[in-house]
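The structure appears below as C-alpha cells.
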Amino acid sequence: MKHHLLLAGVWVGVMAQAQDYQGASTVLQKLAAKAETKPVEIKKADPVEELRLKIKAMQKESADLSPDEAAKRWISLLDAYQTIPNDLLYSSRNYQDRLTFATLITALPPAPAWDALAAQLFAHKSDKPLNDAGLRLLAAVLTGDAAARQKAVDAMSASVAAMNNLEAYERENYERMINNVSVMLERLTGSDADQVSAYEKILAKVEKDPMKHFQSEGTSIEVPDLVRFADEARATALLERTLKLDWESISVKGKATQALAAKLALKNVSELQKPLWSLIHSLEDLPLYEALAKKFPDSQGYERQAAIEWYLIALVADGRTNDAVKIVEEETKRNGGEKIDLHLASLDELGRQGLGTQVHAFLKQVLSKDPTLPFWKSFIELSARANTSKEALELLRATMAKPGLPGKARAETQSHYYEALLAADERDEGIKTLRELVKAGPRSGISDGSAAAEEVKRRWQQVGMNVSEEMLKKLAQQSGGRQDGGESDHVNLAAKLAELGRLLEKPELVEEGITAALATLEKMPADNALGSMVVNEVVGLLLKQGRGVKAEEIMTSQLERMVTPDPSPERRGRVQDTASALSMLALVYHEAGRHADVMALFEKSPDWNAPDLTALETSVAESTPLVLMAARALKETGRGAEALPIIRRAAQDYPSKDAVYALLLELEKGDALLALLDQLAARDRFEERPLIWKSRALLDAGKVDEAEKAIRAAIAIDPSDGEQGKGDRMRAYAILAEVLEKKGDQDTAKIMRGAVSAIRKSETADDWWNAGLLSEAVTRYEASLLDFADAYCIQSRLALRYSELGQFEKAEKHYLRAFELMPDSFGRVESHCFGCEGAFSGKRAQNVADRVFTSLASQPGAKAQVHYLLGYLREAQGRDAEAADAYRQAVKIDPDYLNAWKNLANLASTTQMSSQESEHAILEIFRLDPASKHSGAGFDNTRNLRALWAALLTAEKNLPPMETGPLLALEASKAAIERKKTDGTWNAWNYQTFFARRYEVREHIARHPALNSLTNLLETLNRR
C-alpha cells in the first residue's frame, strides 16, 4: 500500500505542477529576444536537381534496357555530370545531399550490361587522356579484368608524365594517388594470391624508401591475413621482412597471422629496430612483452600502454601477483603519477575463466599499496561473486583509517565505499555513505588552466616534442575555467541516490538526490563544455521523478544561452546544437501531455537547423523519437490526418518500437492498417513487431483465428524477445494469452500470463541488482520463477547471479535448466535477453552447456538451434574451427538461419576459411536481411562485384519501397536557414541532416572500398 501511495503522491505532484509550465509560446518569445533576426529571401532554383532526377530514372529503368542502351545511357549521365561547375555541386549543400561520382555508381546498369559498358568506356575519348584512362580503370574493375586494370594504371601514369603544365608537387600528388588506388584495387578485387602480391609490393617500396611511404600512407603498415592467403613458408618470409623494418606501428590481420607474427618477433627480437607493441594481444604473448621491454626499456606511447595491460593480465593469470603489483608501481612512477588502468571486462573474463582467486589477490594487494588506482569497482564486484564482500569492506575501512592518507586517496576510496556496503547487504550504512558523498558535492572544481597546460607540455616532452611558449599560452586559455568532469560524476551519484529512494520507497532520498543534482548544475559556468551533457542528465532525472516544470525551466535557460550571440572572436559564428536542446524540451512537454506546446516548438522555433522534420534525428530522447512526439502531438491537437503519414514513417524508421505501433493503431484502421503491417513485416522478415501488432488489430476486430496465426508467427521469429526494453518484452505472450482465453484454453493462457509476469518481475530484479542491492535482487529473481519456471532467460540470469555470489552448486542447477530450455527458446535471430549474454562464460557454465548440447546434437533430427548453440559454446571455449563446423551444420539444416550465417562469417579470419565461403556467407546474410536491421552485413572484403551488384538489385526489387519525402515543415526554422544562406552565415556541414536522405540498398556498391577509392580518384580528376 505504501508503494501505491508514493506513486499517487508523485502523480498528484505532477498534476499540481501542470499550471506552472511557462508553455512553448512564452519560451519561444524569450529565445527570440535573445537572438538576432534578418528578413527572408526567396530560394533560387537548383539546376543540379535535374540531373539527380535523371539518375533516379536510370536506376528504375536500366533493368528493362538492352546492355548497349543501358551502357550508352549511363555514359550520357557521366558526360552531363562532368559539365556541371564545382560551385553548383558543392555550395550551400549538405554533405549527404551532394551529387558526386559515387552517385553515378549507384545508377550502374545490371551486371550483365557491364561488358557493354566496359567496351564503351574503353572507346570513350575526350580532351583529357588522364580522365579517359581513369574510366578505363573503372571498366576493368567492374569486369574483373586484371590485365586491363594494370594497363589502365600504366596509362594514367603515362598521362601524368606527359603533362608539362604540372608543378612538381602536383605531379607527385597525382602519382601517389594513382599508386595508392592501384595497390588498393589489387588487394580488394584480386585473388588470394593477388592480395599477397599486393602486400609484397608495398613491403618492397617501404624497404626501398620508408619516408616516401610514410608521407603517402602515414605511420601504420597493414599486413593482410597472410597465413590465410598464402602458405606458411611464404607468410613467414614476408612477416620476417616486415618485422625487421624501422617502423613504429604494424597492424596484422587474422588470428593465425597475428600468432605467427608474435612468434617470429620473439624469435628475432635481437634484430628488431622498433618495439612492436601492437603484436601483443593475447595472454600467450607474455614472453614477447618481457623481451621487448628488455630490448627497448625507454619506449613510450599508446601501443606500449595497451601492451602493458595484456602483460598485467597475463601475469595475474600466471599467478605472478607480486610481479603484477610491481609493474603497476613502476608504471605509475614512470608516468609521473598517472595511474595505469585495466579494462573491467578483462578482469571479468579472467574471473569467468576460473582465475578469480588470482585476480582477487592481485587487486587486494595492489589496492592496499595504492588506494587511488582505478580498480576498486572490479574488486568489490569480484568480492561479491566470491562471497567475500565482508573482506572487501574490511580493506576499504582499513584503508580509510590509515593516518596521513592523502586526500585524493581518501576520496577515491570513499567513492566506492557505499558500493561495497550495499554489496555486503549493509544497506543503511551504504545509503548513509552515499548521502555523504552526494552532500559533499563534485570532487573536482574548476581546473587551473596553466597547470593543465604544463601537464600537457610535460607529457609531450616525454616523447621528444617541445612546446613553444605561444602554444603553451593557447593551451592555458583553452583549459582555463573548464570543469574536469566531476559534475557529471556527481549528478550520477545523485541519480543513484534517487533511484535507491524509488526502490526502497523513501521519498526523502529521491528529494535529496534531485536537490543535489540541481545544485551542481546551478554552480556550473554558463559556457561549460560539459554543460549540455550534465543538463541532459539532470533533466532526465527530473523527468523520471515527475518534475517537468523544473525540467522546462532548465531547458529554457539552456536554449537562451545557446541562441544569445557571442561577440568573442574565438566563439563568433560557432554553431550550437540547438536541435538537441529543443528535442529535450519537446520531450519535457511530451511527457507532461502538453502536446500543443510540442507543436509550437516544431512550427515556431527558428532553431531546429533543418527545414523539415524528416531531416532531424537526435540522440537525447532515444526512447521517444521526434517523429513519435510529432505524430502524438498532431493527433492530440485534432490533426490526425497530418499525424498519419508521420507515424507511418516512424514505423518504417523504428520498426521495433512498440509505442510507434500503439499510436499507429489509433490512427489507421481496417485493411489499410493490415496492409501496412504486412509491408513492414515483408521488409524485415526477422522483425516480429509488425506481426505482434497485426495480431492485436485482428484480435480487436474479433478475428481470433487470424490473430492466433499472426501471433504464433511472431513468437517463432524470436521466442525470447530479448531485444526489447523493460516493460515491452514478451508482449506476444500476453496477446497469445488473450487469444487462448477467447478460444477457451484457460490453462495454457495462464501459463502464458505467468511467463509475462515472470519477465516483469525479473526486470524489476535487474533494477535492484544495478542499484547494488545484490541479495535483494537474487531473492526477486527466485520469486519470478514461481510464475514461470520454464523461462530460459530467468534461469540463466539466476545462474549468473549465483555464480557471481560464489554459490556454485545452485548456479549449476539453474545453468542446466537454462541450457535445456534454450533450443526451443531461440529463433533464427535470437536476441539474448539482458543479463544472459555471459551464459557461456566460465568453466562451470561451459561444462554444463557442453554436456547438454553435445548430447542434444548427437540425437537424430536435432534442431538447427542445437548446432547453433553448440557453435556459440565452442566460440566461448576458443575452439573456433569446431564452432564453424557447428554453424555450417545449422545452416545446412536451416538455410534461413540468419544468426548462424552471421557467426559463421565472423569466423573467417580465425579459421582459415576460404574467401569463397566467407563471401557466400556474407551474401546469404544480405539475402536474409537486406535492410541490415539485424546483421549489418559488411561487403568490404567482397571481391566479386558482379555478384554483389546482382544481390543488391535483387534485394531492391523485392523490398517494399522506402518512403523518404517531407513530413512536417518546420516553417520558422526553414525561414531562418534561408536568411543565413542570404547573409553568408549558412554552413551546411554543421547542420543535422541524418534523416534527410536514407541510404538505399544500392548505395552499398558505392561504399565498397575498391569502388570508393576509385571514385574518389575519378572525382578529383573530374574536378581539377
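Listed for the T564 side chain is a donor-acceptor partner under 3.5 Å among the backbone atoms of E560. Looking at K669, its side chain does come within 3.5 Å of a backbone N or O of L665 through a donor-acceptor pair. Proximity of a side-chain donor or acceptor of D612 to a complementary backbone N or O of P966 within less than 3.5 Å is not detected. Side-chain atoms of W608 never come within 3.5 Å of backbone atoms of A972 as a donor-acceptor pair (strictly under, hydrogens ignored). Without hydrogens or angle criteria, E552 side chain to V588 main chain gives no donor-acceptor distance under 3.5 Å. In this structure a side-chain-to-backbone donor-acceptor pair under 3.5 Å is present from R760 to G727. No donor-acceptor distance shorter than 3.5 angstrom exists from the side chain of R689 to the backbone of P655, with no hydrogens or angles considered. Panel note: side chain T26, backbone Q22; a donor-acceptor pair is recorded below 3.5 Å. Judged by distance alone, with hydrogens and angles left aside, the side-chain atoms of E708 form no donor-acceptor pair with the main-chain N or O of L736 at under 3.5 Å. Counting only distance, with no hydrogens or angles, the side chain of S973 and the backbone of L970 share no donor-acceptor pair below 3.5 Å.
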> Where do M58 and K54 land on the side chain to side chain contact (heavy atoms under 4.5 Å, CB included) test, with the steps shown first?
Replying inline: CA-CA 6 Å; M58 174 69 179; K54 290 181 178 179; over 6 Å; no

> Taking it one step at a time, do R753 and E741 satisfy salt bridge (Lys or Arg N to Asp or Glu O under 4.0 Å)?
Replying inline: CA-CA 11 Å; R753 293 202 181 280; E741 285 171 345; 3.0 Å; yes

>> Determine whether H590 and D597 satisfy the following criterion, side chain to side chain donor-acceptor pair (under 3.5 Å), listing intermediate values before the conclusion.
In response: CA-CA 8 Å; H590 175 84; D597 287 325; over 6 Å; no

> Does the side chain to side chain contact (heavy atoms under 4.5 Å, CB included) test come out yes or no for E688 and L691, once each step is laid out?
Replying inline: CA-CA 5 Å; E688 69 280 0; L691 292 173; 5.5 Å; no

>> Test side chain to side chain contact (heavy atoms under 4.5 Å, CB included) on F602 and L613; report intermediate values, then the result.
In response: CA-CA 8 Å; F602 281 128; L613 177 63; 3.8 Å; yes

> Given the rule in the side chain to side chain contact (heavy atoms under 4.5 Å, CB included) test, do I105 and L108 qualify, once you have shown the distances and angles that lead to the verdict?
Replying inline: CA-CA 5 Å; I105 294 296; L108 282 169; 3.9 Å; yes

> Where do D705 and K709 land on the salt bridge (Lys or Arg N to Asp or Glu O under 4.0 Å) test, with the steps shown first?
Replying inline: CA-CA 6 Å; D705 290 339; K709 181 180 178 181; over 6 Å; no

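In terms of heavy atoms, S488 sits closest to E537 at OG-OE2, 3.0 Å. Between A24 and Y589, the closest heavy-atom pair is N-OH, 3.4 Å. Residues I711 and A732 approach most closely at CG1-O, 3.4 Å, considering heavy atoms. A pairwise comparison of heavy atoms in L634 and A643 identifies CB-CB, 3.7 Å as the closest pair. Taking every heavy atom of both residues into account, M730 and V756 meet most closely at O-CG2, 3.5 Å. Closest non-hydrogen pair, I647 versus L628, comes out as CD1-CD1, 3.9 Å.
A salt bridge links E603 with R639: the closest approach of a Lys/Arg side-chain nitrogen to an acidic carboxylate oxygen falls below 4.0 angstrom. Using a 4.0 Å cut-off between a side-chain N of Lys or Arg and a carboxylate O of Asp or Glu, D767 and R502 qualify as a salt bridge. Between K604 and E971 there is no salt bridge, since no side-chain N of the basic residue sits under 4.0 Å from a carboxylate O of the acidic one. Ion pairing between R1002 and E956 holds under the 4.0 Å rule for side-chain N and carboxylate O. Between D929 and K933 there is no salt bridge, since none of the side-chain N atoms of the basic residue sits less than 4.0 Å from a carboxylate O of the acidic one. Checked for salt-bridge contact, K694 and D678 meet the test: a charged N lies under 4.0 Å from a carboxylate O.
Residues forming a salt bridge (Lys or Arg N to Asp or Glu O under 4.0 Å) with E666 (at least two apart in sequence, or on another chain): R632, K635.
Taking the side chain as every heavy atom from C-beta outward, L676 and L664 approach each other to under 4.5 Å. Residues V660 and D653 have side chains not in contact (no heavy-atom distance under 4.5 Å, counting atoms from C-beta outward). Contact of the I646 side chain with the R649 side chain is not registered, since no non-hydrogen atoms from C-beta on lie closer than 4.5 Å. Using a 4.5 Å heavy-atom threshold, the side chains of K544 and E499 count as touching. Looking at heavy atoms from C-beta onward, L99 lies in side-chain contact with I55 at the 4.5 angstrom threshold. By the 4.5 Å heavy-atom criterion applied to side chains, E591 and T624 are counted as neighbours. The shortest side-chain heavy-atom distance between D684 and H934 falls under the 4.5 Å cut-off. In this structure the side chain of L518 reaches within 4.5 angstrom of the side chain of I554, judged on heavy atoms.
Heavy atoms from other residues, nucleotides or ligands lying under 6.0 Å from NZ of K56 number 12 at most.
Distance check: L559 CG to D607 CG gives 7.5 Å after rounding to the nearest 0.5 Å. Summarising the geometry, atom CD1 belonging to I735 is positioned 6.5 Å from atom CH2 belonging to W693; distances are rounded to the nearest 0.5 Å. Here CD of E687 is found 7.5 Å from CD1 of I717. Values are rounded to the nearest 0.5 Å. Atom OG1 of T103 sits about 11.0 Å away from atom CG of L77, to the nearest 0.5 Å. To the nearest 0.5 angstrom, S580 atom OG is 10.5 Å from Q558 atom CD. Separation of atoms CG (L674) and CD (E668) is listed at 9.5 Å; rounding is to 0.5 Å.
Aromatic ring pairs are classed by plane angle as parallel below 30°, tilted from 30° to 60° and perpendicular above 60°; the pair F939 and F926 is perpendicular.
A side chain to side chain contact (heavy atoms under 4.5 Å, CB included) with T106 is found for one member of E1003, H1004, R1007 and no other, namely E1003.
Looking only at atom types and distance, the side chain of N609 has a donor-acceptor partner in the side chain of T578 under 3.5 Å away.
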